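Shown next, in structure tokens, is the structure this report addresses.
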Amino acid sequence: MLNLRRNKFSKIWLAIILGIVLMTSQIKVNAANLSTPKLHSFDENVNQIKGTATEKLINQQVQKRDFIGTVTLVKNGHLVYQQGFGYANRNKNLKNSGNTTFQIASIQKGVTAMLLKKAALANHFSLDAPLSKFYPQIKNANLVTLRDLLTMTSGILIQPLPRIKMSDQQFLDYTVKHTKILKSHVGNLQYQPVNFVLLAGIVQKETKEGYYQAFKKEIQEPLKLTNTYFYQEMKSHEYQQAQGYHFSRNNPYRIYSEPEYGYTDQLGTGNLYMSNGDLYQMLHAFLTAKLLTPEQTANLYSTGKTRSDYEAGLYPLNQKMPELMGKQYAGYHFHGAEFGFETVGDISKDGQTAVIFASNSANRPANNDYHLDVPVYKQLIDDNKIF
């Protein structure tokens with residue numbers, strides 16, 4: 001009888017202990033669910049910031065500027081917000097979303113800078129080599145270095161751009177022939193896309209392959225960028241490609257027709273289409289030494305002896321915006337605009353936090369450069385309610 005009671009009590013205690021263990025495990029699982037944000041695909045529309053000050057600010061910015069495009073926010077390496085506004089292509093009833101691709105325009109200069117650094121490493125030349133090493137036929141090319149081109153302090157000028165369709169080699173020949181280096185301007189920051197056309201030409205010379213092939217081999221394939229393509233492939237991406245529009249509150253979907261030469265005279269400087277997700281993942285890889293060593297990455301994003309706030313396609317935020325002087329805001333601003341498209345954004349130096357506003361109706365009257373994205377970037381970092 002005593003043994004039966006003991007067995008009975010033993011079973012009861014065993015059940016209680018098992019119950020406590022299961023409850024503790026469940027509490028740990030629930031805690032993990034609360035502290036670990038769900039990972040999302042960059043093709044999705046996502047909103048994990050509902051009710052926050054950051055969401056409120058985004059809505060204000062979008063409404064104030066009649067924004068048409070896609071907004072993407074990443075914090076601590078997680079996609080926390082991505083929403084499309086308006087139509088990517090109204091005639092096709094295609095709305096903007098995470099899957100939409102936009103012409104990133106001048107942001108492509110950062111791509112050219114990375115390809116140049118890759119070519120320099122493979123062919124054993126320095127970013128501080130003189131331009132005359134590659135283009136001796138350009139007068140005064142011995143006075144400037146490749147880094148001067150990367151920082152827009154070369155004093156180079158080209159006028160006018162051709163208004164006819166050209167092959168890459170024809171355009172490069174035209175560029176070299178019409179390039180002038182103003183000795184009085186060497187060392188001064190002067191934004192001229194021709195700097196990166198010449199750098200794209202060096203990439204082609206040194207790699208013995210086309211610029212577009214070099215991009216695919218060195219950047220697109222290693223990073224698995226599936227929503228990325230150049231203008232030559234536009235027809236095969238019509239299902240996701242945004243149409244550029246003239247900005248107008250009264251007629252927001254008036255088509256901006258880009259002439260064919262508008263693509264061919266942008267070699268290395270602005271004929272690349274990307275989704276916001278691919279753009280973020282590429283810039284993240286650039287800044288976090290996924291394609292170069294940390295030392296090589298630091299060398300690329302250096303102004304060297306030049307005095308410039310333009311570093312290989314990016315603008316250091318703490319040099320541009322007084323309100324972002326704290327270490328927590330250290331990062332880069334990027335911007336590109338042409339033919340109805342405008343993309344502006346910011347990314348932290350460690351690549352973990354980013355804001356991207358990509359528009360297919362460039363709102364020039366609102367002066368989107370810095371005024372649209374930077375307040376959201378600051379708010380995103382300051383908002384402790386978001387992870």
Side-chain angles (χ1 to χ4, degrees), residues 105-117 119-121 125-135 138-159 175 179-203 268-270 283 286-287 289 292 294-327 329-337 344-350 367 369-371 373-374 377:
S106 291
I107 299 170
Q108 186 184 333
K109 292 177 176 65
V111 169
T112 303
M114 178 59 68
L115 292 177
L116 178 73
K117 181 62 179 177
L121 292 168
F125 63 86
S126 167
L127 298 184
D128 297 306
L131 182 62
S132 56
K133 174 181 174 68
F134 307 93
Y135 296 109
I138 297 177
K139 187 178 179 181
N140 296 324
N142 61 307
L143 301 179
V144 299
T145 67
L146 302 186
R147 196 176 299 280
D148 290 321
L149 276 67
L150 286 168
T151 58
M152 297 283 187
T153 57
S154 65
I156 287 178
L157 183 68
I158 180 174
Q159 293 290 344
T175 300
T179 290
K180 294 182 179 180
I181 297 177
L182 304 180
K183 294 172 71 172
S184 60
H185 285 60
V186 174
N188 298 323
L189 176 62
Q190 186 174 12
Y191 190 93
Q192 290 288 340
V194 63
N195 286 280
F196 282 77
V197 174
L198 293 173
L199 294 177
I202 294 172
V203 169
T269 69
L283 292 177
F286 286 4
L287 295 175
L292 303 169
E295 293 76 17
Q296 293 162 355
T297 300
N299 178 262
L300 176 60
Y301 297 105
S302 167
T303 56
K305 295 179 181 179
T306 70
R307 295 181 179 180
S308 178
D309 55 10
Y310 185 85
E311 297 178 7
L314 300 172
Y315 301 87
L317 275 169
N318 58 5
Q319 293 184 29
K320 282 285 188 180
M321 304 301 295
E323 63 265 42
L324 299 180
M325 292 301 290
K327 288 184 179 179
Y329 306 120
Y332 294 94
H333 172 79
F334 47 92
H335 175 240
V344 291
D346 312 285
I347 184 167
S348 59
K349 210 160 188 177
D350 63 4
N367 190 15
D369 190 8
Y370 295 109
H371 296 279
D373 54 301
V374 166
Y377 176 73

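Below, all heavy atoms of this structure are taken into account, side chains as well, without hydrogens, waters or symmetry copies. Since the structure is predicted, the reported quantities are computational estimates derived from the model, not experimental observations. For this chain, numbers begin at 1 and follow the sequence in order.
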Do you know the tightest heavy-atom contact between [X] and [Y]?
X      : Y      : result
Pro193 : Thr269 : O-CG2, 3.4 Å
Tyr191 : Ser106 : OH-OG, 3.0 Å
Phe134 : Ala129 : CE1-CB, 4.4 Å
Tyr377 : Leu324 : CD2-CD1, 4.3 Å
Ala105 : Ala337 : CB-N, 3.4 Å
Ile202 : Tyr135 : N-OH, 3.5 Å

Contact between [X] and [Y] at the side-chain level, heavy atoms closer than 4.5 Å - yes or no?
X      : Y      : value
Lys117 : Asn299 : yes
Asp346 : Tyr332 : no
Ser302 : Glu311 : no
Asn140 : Val144 : no

What I want to check is whether the side chains of Asn142 and Lys133 have a donor and an acceptor closer together than 3.5 Å.
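Judged by distance alone, the side chains do not pair up.
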Whether the Thr306 and Ser308 side chains hold a donor-acceptor pair (N or O, under 3.5 Å, no angle test) is what I'd like checked.
no
With Asp128, which residues qualify under side chain to side chain donor-acceptor pair (under 3.5 Å), at least two apart?
Arg147
Mind checking what makes side chain to side chain donor-acceptor pair (under 3.5 Å) contact with Thr145, not counting sequence neighbours?
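With sequence neighbours excluded, Thr145 shows a side chain to side chain donor-acceptor pair (under 3.5 Å) to Asp148, given in chain and number order.
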Counting only N and O atoms by type, is there a donor-acceptor contact under 3.5 Å from the side chain of His333 to the main-chain atoms of Leu314?
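No: the side chain of His333 does not pair with the backbone of Leu314.
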Short side-chain to backbone donor-acceptor contact, Thr112 and Gly268, under 3.5 Å:
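The answer is yes, because a donor-acceptor pair under 3.5 Å joins these two groups.
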Could you tell me the separation between the [atom1] atom of [X] and the [atom2] atom of [Y], rounded to the nearest 0.5 Å?
X      : Y      : atom1 : atom2 : value
Leu150 : Lys109 : CG    : NZ    : 12.0 Å
Leu292 : Leu121 : CG    : CG    : 6.5 Å
Ser154 : Ile181 : OG    : CD1   : 6.5 Å
Asn195 : Gln190 : CG    : CD    : 9.0 Å
Gln192 : Met152 : CD    : CE    : 8.0 Å
Leu287 : Asp350 : CG    : CG    : 9.0 Å

Under the side-chain contact (heavy atoms from CB on, under 4.5 Å) criterion, do Thr153 and Thr303 qualify, and how do the steps go?
CA-CA 10 Å; Thr153 57; Thr303 56; over 6 Å; no
I'd like to check the ring-ring contact (aromatic ring centres under 6.0 Å, His included) partners of Tyr329; sequence neighbours left out, ordered by chain and number.
none
For Leu115 and Leu199: C-alpha separation, side-chain torsions, deciding distance, then whether side-chain contact (heavy atoms from CB on, under 4.5 Å) applies.
CA-CA 9 Å; Leu115 292 177; Leu199 294 177; over 6 Å; no
Criterion side-chain contact (heavy atoms from CB on, under 4.5 Å) on Met114 and Leu300, from CA distance to verdict:
CA-CA 8 Å; Met114 178 59 68; Leu300 176 60; 3.9 Å; yes
Tyr315 ring center within less than 6.0 Å of Tyr310 ring center:
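Yes: the rings meet the under 6.0 Å criterion.
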